[in-house]
Amino acid sequence: MALELFHYQHKQNTVYKSWCDCLGIDINNILSIQNIPFLPISFFKTHKVLTGNEAYELFFESSGTTQTNKSRHYIKDINVYTESFTRGFELFYGDIKEWFIIGLLPSYLQQQHSSLIKMVDELIKRSGHAESGFYLDEVEKLYRVLQQLEQRQQKTLLIGVTYALLDFAEQYSTQLSSITIMETGGMKGRRREITREEVHAILKDRFNLQQVHSEYGMSELLSQAYAKAGGIFSCPPWMKVLVRDEDDPLLIKTRGKGAFNIIDLANVNSCAFIATDDVGEVFEDGSFSVAGRMDGSDIRGCSLMVL
């Protein structure tokens, strides 16, 4: 499917085709996913990356740390995104209706074009529970609600930006062993950047947790990967992470250490082949861990550590 989508986007996406032409790509030689050229993620800051005509419903904007030079992902059909994150969530966590969904995403709520807010808002609606919802600065109310859900042993997901979860943990140390806490990354300039391992250690200690979950996504992708333990992420079947050599960006491997190239088949209307600035390791089974960002790249909202 990836090879079919490559040929389609090469014909219908002028930005992507121009990039392939600059690389001197002979499309007849693209016989495996490792041969596919990947579009640098920075193009989403400078170009309108669309497959087909330029009509679109809305756009998602990267969180970033400044008001300028943000990426924009133009969305032709919001239903594709909704189906992708819904099926992805249910693949890893089961029926959404079994969950209470609580969002602690203050900085994202203040943005108008956040893909993360769109996703969590839809999950909240589909959960169908009165206690599900967003919490901006209502940390005391959040604490009371979580205490009640903990006492009831209710299946609950608290998904939060990293700095907000750490702020909450500093104010309230409590037993939340039946609550699933998921961090999305992001200090937003509010705190010193620390590793994911340090973040998880703090949260596990303050809330008496066995594990902290993580979500990996970005505005340029319509799919997410999830880690249930130890920061080891797994992808849904329509998403795949490869690694490229940092010294030779055209050398692409299915496993090992390096910078991430991501195939996201949900990006059918933009570009499904993205060369990101994230670095880490991809393992033999396709799972991966994130070490941080390439030296010299822009600090994005999801950054936990700059290498």
Side-chain angles (χ1 to χ4, degrees), residues 1-6 9 16 19 30 32-44 49 60 62 71 73 80-81 84-85 87-89 91-93 115-116 119 182-186 195-197 213-268 270-295 297 300-307:
M1 290 183 68
L3 289 170
E4 291 179 12
L5 186 54
F6 161 71
Q9 293 189 335
Y16 185 50
W19 173 247
I30 306 299
S32 75
I33 59 173
Q34 291 161 263
N35 302 135
I36 293 173
F38 286 76
L39 188 73
I41 199 167
S42 59
F43 275 57
F44 283 84
V49 182
F60 293 133
S62 62
S71 293
H73 189 180
V80 175
Y81 181 50
S84 177
F85 69 67
R87 288 195 180 195
F89 181 89
L91 179 67
F92 289 98
Y93 292 99
S115 58
L116 180 60
M119 179 182 81
M182 179 184 292
E183 52 86 10
T184 68
T195 65
R196 175 170 279 114
E197 290 77 11
H213 295 222
S214 304
E215 181 260 357
Y216 179 87
M218 56 188 71
S219 61
E220 298 88 352
L221 302 176
L222 295 187
S223 301
Q224 301 76 35
Y226 293 99
K228 292 187 174 183
I232 305 298
F233 292 89
S234 297
C235 297
W238 56 92
M239 178 184 178
K240 188 174 183 64
V241 179
L242 305 171
V243 287
R244 69 181 185 274
D245 190 283
E246 292 186 51
D247 296 320
D248 182 1
L250 299 183
L251 178 59
I252 300 169
K253 302 172 291 184
T254 57
R255 63 181 184 269
K257 294 181 180 180
F260 291 159
N261 283 4
I262 297 180
I263 299 175
D264 184 1
L265 299 183
N267 276 19
V268 61
S270 53
C271 183
F273 313 100
I274 307 298
T276 78
D277 294 327
D278 290 336
V279 295
E281 183 173 4
V282 178
F283 305 105
E284 192 167 354
D285 63 356
S287 63
F288 65 97
S289 63
V290 184
R293 313 231 4 117
M294 291 178 63
D295 186 29
S297 65
R300 297 160 61 87
C302 58
S303 173
L304 271 176
M305 181 178 69
V306 179
L307 293 186

Worked check of side-chain contact (heavy atoms from CB on, under 4.5 Å) between V268 and L5: CA-CA 7 Å; V268 61; L5 186 54; 3.8 Å; yes
With a 4.5 Å heavy-atom cut-off, do [X] and [Y] have their side chains touching?
X: T254; Y: V282; result: no
X: W238; Y: D264; result: yes
X: D278; Y: R293; result: yes

Considering residues at least two apart in sequence or located in another chain, which fulfil the side chain to side chain contact (heavy atoms under 4.5 Å, CB included) criterion with [X]?
X: S289; answer: I232, E281, F283
X: E215; answer: L116, M119, M182, T184, Q224, Y226
X: I33; answer: A2, I36, K240, L242, I263

Compare every heavy atom of [Y] with every heavy atom of [X], then report the nearest pair and how far apart it is.
X: L222; Y: S84; answer: O-OG, 2.8 Å
X: A225; Y: F233; answer: O-CD2, 3.8 Å
X: L91; Y: P236; answer: CD2-CA, 3.8 Å
X: S214; Y: R196; answer: OG-NE, 3.5 Å
X: C235; Y: V241; answer: SG-CG2, 3.9 Å
X: I41; Y: S71; answer: O-OG, 4.3 Å

What distance do [X] atom [atom1] and [Y] atom [atom2] have between them, rounded to the nearest 0.5 Å?
X: D277; Y: M294; atom1: CG; atom2: CE; value: 6.0 Å
X: S115; Y: L221; atom1: OG; atom2: CG; value: 9.0 Å
X: F44; Y: S62; atom1: CZ; atom2: OG; value: 11.0 Å
X: I262; Y: M218; atom1: CD1; atom2: CE; value: 4.5 Å
X: L39; Y: N261; atom1: CG; atom2: CG; value: 10.5 Å
X: K253; Y: D245; atom1: NZ; atom2: CG; value: 6.0 Å

For the pair [X] (side chain) and [Y] (backbone), establish whether a donor and an acceptor sit closer than 3.5 Å, ignoring hydrogens and angles.
X: K228; Y: F92; answer: yes
X: S223; Y: M239; answer: no
X: R244; Y: F260; answer: yes
X: Q9; Y: N267; answer: yes

Ring centers of H73, Y81 separated by less than 6.0 Å: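 Aromatic pair excluded; centres sit 6.0 Å or further apart.
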Parallel, tilted or perpendicular, as decided by the 30° and 60° cut-offs, for the rings of Y216 and F288: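 Aromatic pair F288/Y216 classed perpendicular.
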Plane angle bin for F273 and Y16 - parallel if under 30°, tilted between 30 and 60°, otherwise perpendicular: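 Because their plane-to-plane angle is under 30°, the rings of Y16 and F273 count as parallel.
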